[in-house]
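Residues: numbered from 1 along the sequence shown. Every number for a ligand or one of its atoms is a count from 1 in the order of the listing.
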Amino acid sequence: MLTVHDDVDTGRLPEGITPLGDDIFAIDTMLAGYAGVVSSYLVRSERPCLVEVGTAGSAPVLHEAVTRLGLAPEDLATIVVTHIHLDHAGGTGDMAALFPNAEIVVHERGARHLADPSRLMSSAAMVWGDRLDVLFGRMSPTEAARIRSVAETGEIDLGADRKLVSHYAPGHAKHHMGLVDTLTGDLYVGDALGVYNPLTGDVRPATPPPDFDLDACLRTLRLFGDIDAQRLMFSHFGAVDTVAETIDRAESELRLWVETVRESHGTQGDLDHAVAMVRDKVVSRYKPLPEDASQDAAAVLDILAGPEANVSGIMHWLDRLAQEQAAAAGDPRK
Ligand SMILES: [Zn+2]
């Protein structure tokens, strides 16, 4: 049972912890030491739950924040990740060790990688090279017995009739899901809508290889629209009230990036050319950061979901699509 936490003075929380009402707190996970890149959320209900854990290096940050918010480590009932990319789930094994009673909830397509991260880590090493250790660190395995995987939909009991309901939401990744708080109507979107910049209000897609799939993304956007959420909780970065508008914006940005890459793909077909076109026609439209803003977080976000990563994910998808079409054309049964 949960210990008393009424003594937490939410008016005097340290920087990096933001109260969002209804016992929800956004916690900056300080990816690689940078503020404003990856947010976790604590729902401090009767059965407290953390959504997203960030990287291995974020585990002590979250441990301190959760304690600061009046919980003992034993109180945390659930840790859930929207998907298993390292900026969201890299710290899962460390977190499981720090919070001994927490059940770890993940989509079924990601579960085995949390229990045995070796394949995930070797493919991440191919993508990130030298930057892997600096940005993400290493994912430690999570004891399989503590992992609960969910399929198309699932439920996390927050206590007192409050739940988080998961919805399978592929497109950004095959192991991605969104989560709805039944008390507040908040929707935890992971990376399905892309990256929201709270300083400018811009939304940019997040379309990395190898899973990005435009059609799946669009279906997920429709699903999220139908949920009729009262607020969108972005992992990158923060809570957004303008729900329908932001989902529409996410869709038009996604289509524009894909169209631009498709055009370039049709002419020259090389990655550098497509990245240059995207920078020129798409990225140049975004509002500049306010002058006093730290450029560091923006630079790190650009690495996670910037032109290079996004364009190569879109090109990868276009190639896959072309292969599928060729295979279908060559198959007399189709
Ligand atoms: Zn991410």
## Note on the structure
Atoms of type N, O or S from protein under 2.8 Å of the Zn ion (ligand 1), total 4
Pairs under 3.5 angstrom only: tabulate donor-acceptor contacts from the side chains of residues 215-229 to other protein residues two or more places apart or in another chain.
from: Thr220; atom 1: OG1; to: Pro170; atom 2: O; distance (Å): 2.7
from: Thr220; atom 1: OG1; to: Ala216; atom 2: O; distance (Å): 3.3

### Query
Ser40 side chain to Val51 main-chain N or O, any donor-acceptor pair under 3.5 Å?
yes
### Task
Would you check if the side chain of Arg162 reaches a backbone N or O of Gly159 as a donor-acceptor pair within less than 3.5 Å?
no
### Message
Between Ser166 (side chain only) and Gly154 (backbone N and O only), is there a donor and an acceptor less than 3.5 Å apart?
### Response
yes
### Query
Aromatic rings Tyr168 and His107: how do their planes relate, parallel, tilted or perpendicular, breaks at 30° and 60°?
parallel
### Any donor-acceptor pair under 3.5 Å from Tyr286 side chain to Arg204 backbone
no
